[in-house]
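Input: a single structure, listed below in structure tokens.
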There are 2 protein chains.
Amino acid sequence: MPGVTIHDVAAHAGVSISTASRALRGIGYVDAGKRELVLRAVAALGYVPDASAQALRARRSGVIGIVVGDLGNPHTATLVHSIEKYVSARGYTALFTSVVDDGEAMEQKALQTMLRQRPDGLIVATLQTHISDLLLQQARRAGLPTTLIGRSLASGDFDSITSNYQRGSEILTDYLLSLGHRRIAFVGAHLSEAEHVGRLRGYLAAMQRARIKVRPDWVVGDDKPARPYYPNSLTGYRAAKRLLQLRTHPSAIMARNDVTAIGVIQAITEAGLSVPEDVSVTGFDDIPLAGFIAPALTTMSQPTEKEGELAAEFLIARLERPDEVIAPRALTLECNLIVRASSARAPSR
Amino acid sequence: MPGVTIHDVAAHAGVSISTASRALRGIGYVDAGKRELVLRAVAALGYVPDASAQALRARRSGVIGIVVGDLGNPHTATLVHSIEKYVSARGYTALFTSVVDDGEAMEQKALQTMLRQRPDGLIVATLQTHISDLLLQQARRAGLPTTLIGRSLASGDFDSITSNYQRGSEILTDYLLSLGHRRIAFVGAHLSEAEHVGRLRGYLAAMQRARIKVRPDWVVGDDKPARPYYPNSLTGYRAAKRLLQLRTHPSAIMARNDVTAIGVIQAITEAGLSVPEDVSVTGFDDIPLAGFIAPALTTMSQPTEKEGELAAEFLIARLERPDEVIAPRALTLECNLIVRASSARAPSR
DNA sequence: CTGTTAGCGCTTTCAG
DNA sequence: CTGAAAGCGCTAACAG
């Protein structure tokens, strides 16, 4: 099997290589009998077409490049899995790379590697990092079809799928307000990031609507605020520790995402307080583990798998009609409030 | 930039394409001045070599295929990330595919897709599934360098990296025994799987050594025992529910992995019992979240990142010395007991 | 309906 | 040290 080529298949079937090629791809006319022969030869020889040769000649690689952020976040894993499933079912090869915080040089290199494979299209699901913006710019110049996932600001002329983070966050905030909470903190982003972080904007908007002044030290991000980062459990843990040291600590803490919320809960528990009796905690994403941690996490469920599928669908639709000029589509999905055990009425005093 | 080829680079630099090629790869003699010119041209034009063309001609794709199981398990995500990091730092492209339970046809297709890319080597980190065995067989026939991760039985002539699951599990069991536990259950595999599941074997061995008879209903796997499956939180949740219905329920439950343990804890808590006062729970893997759930999980820490790195290192070593005949290496790493809050002395009665 | 032919972009002898 | 030339395995016209 090392190096079975279409020549071998053609010889085995007693046809020319072009006939073999046609039969294999069901393109053009091929005598039914000969097709059968070819298929049989393929099976007998264990022929697997060489993607490189196909790509080189056909000027299409069948590769869809997928750039994601923190694979350590189960939410990302879910997304990745859903994209892979859809993409590979449609005959494409999913090529992933995750760019997190390995340094700009490393990330640059990873993108370079991706571009060398000449992907037919790109799905980008990272935070708004310098490096990913560069990639997007390159993609645009190269006319590389691209779909964005979860970027709050739809970057101009790309297709984009996103959940309504702002709205979701507003609903979450309103929910906490309805439970009597007034001292509500937000964890996982800096105030200065509001422009990029819809979840933070939603919180701010809801608080404003409720005429509650948000104290600057109620919004706490990671220690090194330099560049976009992917908040994780440690982020939440540290932030919550800090919040609990305030003279009057918050009665509710909204975390930017579920993994961050998990860290928040941990810190609260360690401080001898309990969730939700002393402090309510909410997450965002509804990762698979969210219902299993203790206390089960109240969160906004994001249709992650749907996002992945739609992004793939949008992209592939474009790929299969290369000439057709389709206006960029920006689709926003709604999130769903999932009330579990980590939230409760505000303590009476 | 759409379609900058080496011709363009050569033209821009005023040299022939072969000189450009040599300069780019630092192979053979090239006048220093001309090399400089070529490099400048590359930068000016934004040239990125076409991997397909290179692969086709050079008979090496620079792709390393990585087949993993359940991406929903954070442990897998960690592994994937570490492999990607190492592999891409060495100039290779990491091509992942995850095969879980999407049906044999789907998985077959995914592997086919992988093989079409003509990977230079393979890293396989799945359970012993029919489908992955097929792949391994194919790889062997094709002479495709392959490294296995975490397969308890090193499959013959492949390099393999694994942690000492059996030993780890023995230590864990001994630890629970030392806390006075006698009724210790194992969750996440069927008794019949002992041959493949080192963690189960370790538990059985330690129990035997302690002269404690393991009751068959103390070892509980998933509902559909048909084929290898990836145990997750739900597995643990269901299994624990069942265990708690026994006349005398276990005083300790060892889960096959951390995500399973999380489900176990949830079930116990829901039943109105508490961890570790009523039932101790242990996991395996030490996923990043393990210390953050409540109660923090006692578990065996597996050197996951090390595993990924070593596997990549072994494989790449082989790739870079294609002629040299290296005997297959099987490396076993040791695990580390991490005692956290989910385990305690057995209740006095 | 089928075979011949001309490359896709790149690497690699092989003569200069 | 450098350029010309011959393909890698496959697809897509193009004549049969």
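By convention in this document, chain letters (A, B, ...) are assigned in the order of the sequence lines, proteins followed by strands, and residues within each chain are numbered from 1.
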Sorted by chain and residue number, the side chain to side chain contact (heavy atoms under 4.5 Å, CB included) partners of Thr76(B) (sequence neighbours excluded) come out as Val68(B), Leu71(B), Asn73(B), Val80(B)
From CZ of Arg59(A) over to C1' of dA6(C), roughly how many Å is that when rounded to an integer? 14 Å
Under-4.0 Å side-chain N/O to phosphate OP1/OP2 contact, Gln54(B) with dT11(C): yes
Whole angstrom value for the distance that separates P of dG3(C) from OH of Tyr29(A): 17 Å
Choose from dT11(D), dC1(C), dG9(C) the nucleotide whose nearest atom is closest to any side-chain atom of Asp31(A). dC1(C)
Could you state the CD-P distance from Gln117(B) to dC10(D), rounded to the nearest angstrom? 13 Å
Under 3.5 Å, is there a donor-acceptor pair between the Gln117(A) and Thr93(B) side chains? yes
Any Arg25(B) side-chain nitrogen or oxygen under 4.0 Å from OP1 or OP2 of dT12(C): yes
Quick note, salt bridge (charged side-chain N to carboxylate O under 4.0 Å, His left out) partners involving residues 78-90 of chain A, not counting sequence neighbours, are Lys85(A)-Asp102(B), Arg90(A)-Glu320(A)
Mind running a 4.0 Å heavy-atom check of residues 10-22 of chain B against DNA chain C and sending the residues that fall below it, in number order? Ile17(B), Ser18(B), Ser21(B)
Can you find a side-chain donor-acceptor pair between Glu307(B) and Ser163(B) that sits under 3.5 Å? yes
Residues Thr126(B), Arg151(B); criterion side chain to side chain contact (heavy atoms under 4.5 Å, CB included); working and verdict: CA-CA 7 Å; Thr126(B) 60; Arg151(B) 293 230 166 187; 3.0 Å; yes
Quick check: do Leu122(A) and Leu135(A) have side-chain heavy atoms less than 4.5 Å from each other? yes
Against the side chain of Ala53(B), the closest entry in dG9(D), dC1(D), dC10(C) is dC10(C)
Does dC1(D) have OP1 or OP2 sitting under 4.0 Å from an N or O in the side chain of Lys34(B)? no
Report the distance from atom CG of Asp50(B) to atom P of dG7(C), rounded to the nearest whole Å. 18 Å
Below 3.5 Å, can you tabulate the donor-acceptor pairs from side chains in residues 17-24 of chain B to any protein atom, sequence neighbours excluded?
unit_1, atom_1, unit_2, atom_2, d
Ser18(B), OG, Ser16(B), OG, 3.2
Thr19(B), OG1, Ser16(B), OG, 3.2
Ser21(B), OG, Arg25(B), NH2, 2.8

Is Leu144(B) close to Asp120(B) at the side-chain level, that is, under 4.5 Å between some pair of heavy atoms? no
Rounded to the nearest Å, what distance is computed from the CG atom of residue Leu45(B) to the P atom of nucleotide dG9(C)? 14 Å
Provide, to the nearest angstrom, the distance between the CG atom belonging to Leu56(A) and the P atom belonging to dG7(D). 17 Å
For dC10(C) and Tyr47(B) - does any side-chain N or O of the residue sit under 4.0 Å from the phosphate oxygens OP1/OP2? yes
Donor-acceptor pair under 3.5 Å, Arg57(B) side chain vs dG9(C) base: no
Rounded to whole angstrom units, what separation is found between the CD1 atom of Ile27(B) and the C1' atom of dC1(D)? 16 Å
Test: salt bridge (charged side-chain N to carboxylate O under 4.0 Å, His left out). Region: residues 38-60 of chain B. Which pairs qualify, not counting sequence neighbours? Arg118(A)-Asp50(B), Glu36(B)-Arg40(B)
Could you state the CG-C1' distance from Leu37(B) to dT2(D), rounded to the nearest angstrom? 14 Å
5′-ward residue of the pair Val30(B)/Thr5(A) relative to DNA chain D: Val30(B)
Angle between the end axes of the helix from dC1(C)-dG16(D) to dG16(C)-dC1(D), five pairs per end, to the nearest 10 degrees? 40°
Would you check if Thr97(B) and Ile66(B) make a side-chain contact, meaning some heavy-atom pair closer than 4.5 Å? no
